[in-house]
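Quick notes on the structure that follows.
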Amino acid sequence: MSQTTSGLTPGITTPRAAAAVWVLLMAVVLQVSVLPHLAFRGVVADVVLLVVVAVGLRHGSEPAMVLGFAGGLLLDLVPPADHVAGRWALALLVAGYVAGRVSGRAGRAGRAGSPRWPVLLGTVAACSFVASSLFAVSGMVLRDPLVGVPALLETVLVAVLSDVLLGALLVPLVLALDQRLEPDRLPA
Amino acid sequence: MTDLMPRERLNRRGSLEPRAPGTPRRSRAVSLVLACLVLMTLDLVGGESSPVDAARRLVGEAYAPVEAGVDAVLGPVLAVSGWFRTQDSLTEDVARLEAENDRLRGDLATVDYERNRLEEYDGLTAAAEQIGYALVPARVIGIGPAQTFSRTVTIDAGTDAGLRPDLTVVSAAGLVGRVIRVTSSSATVLLVIDADSTVGGRVGSSMKIGFLHGRGDLGDFGRTGRLDLELVDQTTVPARGDAVVTWGSEDGAPYVSGVPVGTVRSVYSSVRDSTQRAVIAPYVDFGALDLVGVVVPSGTASDRAVVEPDGTLR
């Protein structure tokens with residue numbers, strides 16, 4: 001705990017940062033090549049967002065924002081993407097901020113310093129909604145795709161639903177990995 | 001809460017500004033947001049020759065082999081579901097019959113067009129030019145998610161296979177889209193059903209020309225993707241079931257002519273501005289794209305076998 005700067009959120013150490021980057025790179029592969037086969041109405045669960053939310057819940061806004069920016073940038077540049085670069089980066093950055101604000105007491109109230117289920121799922125849903133809508137709105141501002149509002153809302157809702165479903169599985173996994181890397185003392 | 005954490009009271013500049021846990025430093029938050037905005041501006045202002053394209057290419061070079069690898073590993077796993085549903089021989093029969101069906105439908109779709117074209121153009125020049133096109137075979141290895149509202153896929157052929165931007169992509173059933181970006185081993189394809197996509201189309205039976213616009217809807221889950229056809233000559237009404245083929249661009253880029261696109265499903269006429277809008281059902285099932293062909297000039301150097309117009313492999 002020597003590098004920890006706050007009493008409520010554990011610090012980012014080098015092994016943790018390396019693990020986060022590795023998980024992020026894997027998440028992009030998963031999202032681009034594997035999950036489209038399980039897509040519902042073409043909407044693919046946003047694995048990168050889930051990683052960002054997990055980091056935000058455990059470590060606060062700042063690391064989550066940096067990770068969200070990096071992950072979003074990768075999503076903006078990885079092959080099938082053909083939108084203005086920076087849109088996912090901005091969306092995931094804000095999602096990281098939102099997730100980070102939940103950290104602290106609410107984020108460590110459950111077993112082994114993990115958030116309770118309602119908090120976890122609520123955060124995933126909120127972040128997913130914020131990120132998907134922000135991406136859609138930035139597209140409207142930049143006049144990127146010509147999509148009607150109803151179709152847009154439907155896609156955002158399906159995206160939130162699939163993120164919550166996958167998040168229930170994936171976020172605890174990332175949190176457990178983080179905990180395992182360097183077990184903190186349990187909160188008093 | 002701050003009195004519980006005396007160390008939080010002194011920040012790096014030595015001033016007494018307590019920072020609540022979980023909140024970011026303002027400077028870093030602002031710089032990250034600014035970085036996003038700068039990136040968007042660069043990409044948007046750059047247009048076709050955007051400076052971001054270099055980064056895109058770099059990431060593409062790094063990720064394409066990974067995507068292709070994952071796809072190769074995933075192939076047998078995905079095949080398991082088909083194996084459970086039915087027996088091997090039946091699956092094989094269905095695949096063979098579907099391929100045959102696609103071929104026959106393609107033949108049927110171009111019959112009207114071919115007949116009319118033969119009457120219109122005289123002599124051998126046109127005939128020689130229109131026999132067919134050489135194709136580079138490729139597989140779809142990545143599909144863009146619906147959240148991006150653009151319909152793009154990645155294929156496993158790039159500059160090494162003789163590809164460049166603005167080439168037509170077809171499948172056994174008909175027109176798929178066009179190449180918009182290439183790396184050495186992969187290419188990004190904009191599907192014709194993308195909301196940004198516009199293709200010149202010709203109604204095979206009447207030879208009337210018009211423009212096909214995508215609707216940005218992939219059409220899986222029981223629905224099929226649709227295209228809208230606006231005819232240049234507003235007085236003609238295409239009949240239900242008429243076949244639509246591409247009418248091609250100059251030098252065959254981005255679209256070559258005579259590729260079947262779909263059939264007219266329904267026609268809407270607007271009384272106010274006396275225009276016709278036809279809804280086209282594409283031949284290609286965009287929800288299940290796999291093997292596609294990229295139209296290249298005959299004799300292109302490639303890292304794989306090229307299907308020549310006369311059906312031979314080279």
Side-chain angles (χ1 to χ4, degrees), chain A residues 5-9 28-29 31-37 39-44 46 56 60-62 65-66 69 72-74 76-90 93 97 100-104 107 132 135-136 138-139 142 144-147 151-152 155-156 158-159, chain B residues 4-5 7-8 19-25 28-29 32-33 35-44 50 52 55-56 58-60 63-64 66-67 70-71 74 78 141-154 180-181 183 186 188-190 194-196 216-218 220-221 287:
Chain A
T5 52
S6 141
L8 286 172
T9 52
V28 173
V29 174
Q31 190 170 335
V32 172
S33 288
V34 181
L35 288 182
H37 295 293
F40 175 73
R41 294 196 167 194
V43 173
V44 176
D46 202 334
S61 281
E62 201 170 298
M65 284 172 83
V66 174
F69 177 76
L73 198 60
L74 214 53
D76 282 326
L77 299 178
V78 90
D82 182 45
H83 49 264
V84 173
R87 284 172 63 196
W88 271 129
L90 185 66
L93 180 107
Y97 176 77
R101 293 315 299 266
V102 185
S103 67
S132 310
F135 185 89
S138 67
L142 297 169
D144 213 12
L146 309 152
V147 181
L152 202 144
T155 308
V156 168
V158 176
Chain B
L4 291 173
M5 298 167 283
R7 273 189 294 172
E8 270 301 295
R19 190 156 62 87
T23 57
R25 270 186 285 272
R28 194 165 292 180
L32 281 174
V33 170
C36 288
L37 296 181
V38 166
L39 201 65
M40 282 190 222
T41 318
L42 269 181
D43 200 14
L44 199 65
S50 156
V52 181
R56 243 189 206 127
L58 201 72
V59 175
Y63 257 94
V66 182
E67 281 179 24
V70 170
D71 196 62
L74 225 56
L78 292 173
I141 56 171
I143 301 164
Q147 286 102 314
T148 61
F149 300 107
S150 65
R151 304 298 168 197
T152 50
V153 295
T154 316
I180 50 174
R181 199 172 291 119
T183 69
S186 76
T188 305
V189 176
L190 183 74
D194 184 85
D196 270 345
D217 133 35
L218 192 65
D220 52 355
F221 210 66

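Below, chain A is the first sequence line, B the second, and so on; all start at residue 1.
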Is it the backbone or the side chain of [X] that comes under 4.5 Å from a heavy atom of chain A, or both, or neither?
| X | value |
| --- | --- |
| B/I180 | side chain |
| B/L74 | side chain |
| B/V33 | both |
| B/L58 | neither |
| B/T152 | both |

Query raised in the report: Closest heavy-atom contact between B/G60 and A/P79?
Result: CA-CG, 3.5 Å
Query raised in the report: Is there a side-chain contact between A/M65 and B/R28, using heavy atoms and a 4.5 Å cut-off?
Result: no
**Report entry** Contact check, side chains of B/T154 and A/V32, non-hydrogen atoms, under 4.5 Å
**Finding:** no
Query raised in the report: Could you give the distance from CD1 (B/I143) to CG (A/L35), rounded to the nearest 0.5 Å?
Result: 11.5 Å
Requested in this report: Can you measure from CG (B/D43) to CG (A/D76) and round to the nearest 0.5 angstrom?
Outcome: 8.5 Å
Using a 4.5 angstrom heavy-atom cutoff, name the option from [options] with the most pairs to chain B.
| options | value |
| --- | --- |
| A/V34, A/D46, A/V158 | A/V34 |
| A/S132, A/S33, A/A85 | A/A85 |
| A/L93, A/L77, A/V156, A/V66 | A/L77 |

**Report entry** Test salt bridge (Lys or Arg N to Asp or Glu O under 4.0 Å) applied to B/D71 - qualifying residues, sequence neighbours left out
**Finding:** none
Query - Those residues that, when tested against A/T155, pass side chain to side chain contact (heavy atoms under 4.5 Å, CB included) (two or more places apart) - result: A/V43, B/A146, B/F149
Query raised in the report: Under a 4.5 Å heavy-atom cutoff, which of B/L32, B/I141, B/T188 has the most pairs with chain A?
Result: B/L32
Query raised in the report: Contact part of A/L73 toward chain B, heavy-atom cut-off under 4.5 Å: side chain, backbone, both or neither?
Result: side chain
